[in-house]
2 protein chains.
Amino acid sequence: MSRVFRALSDPTRRRVLQLLRAGPMSAGDLCLHFDVSKPTMSAHFSVLREADLVHAEKVGKSILYHLKLSVLEEALLGFAQSFGLGVEPPAVASDIVETQR
Amino acid sequence: MSRVFRALSDPTRRRVLQLLRAGPMSAGDLCLHFDVSKPTMSAHFSVLREADLVHAEKVGKSILYHLKLSVLEEALLGFAQSFGLGVEPPAVASDIVETQR
DNA sequence: CTCATGGTTAGATGATTAGCTAATTATCGA
DNA sequence: TCGATAATTAGCTAATCATCTAACCATGAG
């Protein structure tokens, strides 16, 4: 939990996650969107990996980063829920299959 | 946004917010729940204030801290929403009046 | 095999963080 | 006014963070 929020506390990392919404992207391609060195980006990726917010898939020379939306969802909405915020309890069981992805 | 997530990245601060769910509490009473020095707690309160997650109200010798649930909600659910998360699909317009609070 | 490319590791630096003790400010009660 | 109480500020330390350059590993192309 701490690791997730820590990861989200940096604007660069939040933007990386937003970019990954559109689909997996290589480390290099992600770097093109930011004005910092590659090692710095690599460190950001590492933080995101440790928070389990992304998955790294090695493809040839590249590394594809995938957003783990379910982890983000569980952290954000789970915590919000613990404050009674915004989440509709999925009243009936038949709803559950629709809310689980 | 960064400040909110930064504030939430510490377990002590998250627990403070949870304690404040039940209602306003003085700095001293909050301290009783934690095994750190009062100045350390004061620093945590300061971080929470700067993230606008709590409001400090001076009452006599004490300072009452209030949880600003709406700020927490906006940050958490707003960010989640930007990922298409946690949004009950408000299919029809008549639903909107029920989801807005 | 060698080389260029994609990415991470090593190592350094300046900034920030969480924690402490001691000192300070502010307010209430006697 | 004086003393006790509530909380913050001052000042310190050890650890972590974001960033950089330079060096290093891995892989696909020739």
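Here is how names work: the chains are called A, B, and so on, in the same order as the sequence lines, proteins then strands, and each is numbered from 1.
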For the backbone of [Y] and the side chain of [X], can you confirm whether one donor and one acceptor N or O come within less than 3.5 Å of each other?
X	Y	answer
B/Arg13	B/His44	no
A/Arg3	A/Asp52	no
A/Arg15	A/His33	yes

At less than 4.0 Å, is any side-chain N or O atom of A/Lys58 found next to OP1 or OP2 of D/dA26? Yes or no.
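For D/dA26, neither OP1 nor OP2 has a side-chain N or O of A/Lys58 closer than 4.0 Å.
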
Answer yes or no: are there more than 12 heavy-atom neighbours, outside B/Arg14 itself, under 6.0 Å from its atom CZ?
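More than 12 within 6.0 Å, yes.
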
Pick base, sugar-phosphate or nothing for A/Tyr65, based on heavy-atom distances below 4.0 Å to the nucleic acid.
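A/Tyr65: backbone/sugar contact only, no base atoms under 4.0 Å.
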
Base, sugar-phosphate alone, or nothing: which one does A/Arg49 contact when heavy atoms must sit under 4.0 Å apart?
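Since only primed, P, OP1 and OP2 atoms lie under 4.0 Å of A/Arg49, the category is sugar-phosphate.
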
Identify, residue by residue, the members of residues 21-33 of chain B with a heavy atom below 4.0 Å from DNA chain C, and return them in order of residue number, or none.
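Here the set is empty: none.
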
B/His44 NE2 to D/dT8 C1', straight-line distance once rounded to whole Å:
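These atoms are roughly 15 Å apart.
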
Can you tell me how far P of D/dT5 sits from NZ of B/Lys38, to the nearest Å?
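Between P of D/dT5 and NZ of B/Lys38: 10 Å.
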
Of the listed nucleotides (D/dC20, D/dA6, D/dA18), which one gets closest to any side-chain atom of B/Lys61?
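Of the candidates, D/dA6 comes closest.
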
Tell me which nucleotide among D/dT9, D/dT19, D/dA6 gets nearest to the side chain of B/Ser62.
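Out of D/dT9, D/dT19, D/dA6, the nucleotide with an atom closest to B/Ser62's side chain is D/dA6.
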
For the residue pair B/Tyr65 and B/Phe45, categorise the inter-ring angle as parallel (less than 30°), tilted (30 to 60°) or perpendicular (more than 60°).
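Tilted, since the angle between the ring planes falls between 30° and 60°.
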
Using the ring of each side chain (for Trp, its six-membered ring), is B/Phe5 parallel, tilted or perpendicular to B/Phe79, with breaks at 30° and 60°?
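Rings of B/Phe5 and B/Phe79: perpendicular, as their planes differ by over 60°.
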
Positional range of nucleotides in DNA chain C within the contact set of chain B, heavy-atom, under 4.0 Å:
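That gives a stretch of C/dT17 to C/dC28.
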
For B/Ser42 and for A/Pro39, find the nucleotide of DNA chain D with the closest heavy atom, then tell me which residue's nucleotide is more 5'.
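The residue whose closest nucleotide sits nearer the 5' end is B/Ser42.
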
Where is the tightest heavy-atom contact between A/Ala56 and A/Arg49, given as atom of each residue plus distance?
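Minimum heavy-atom contact is CB-CD, 4.0 Å.
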
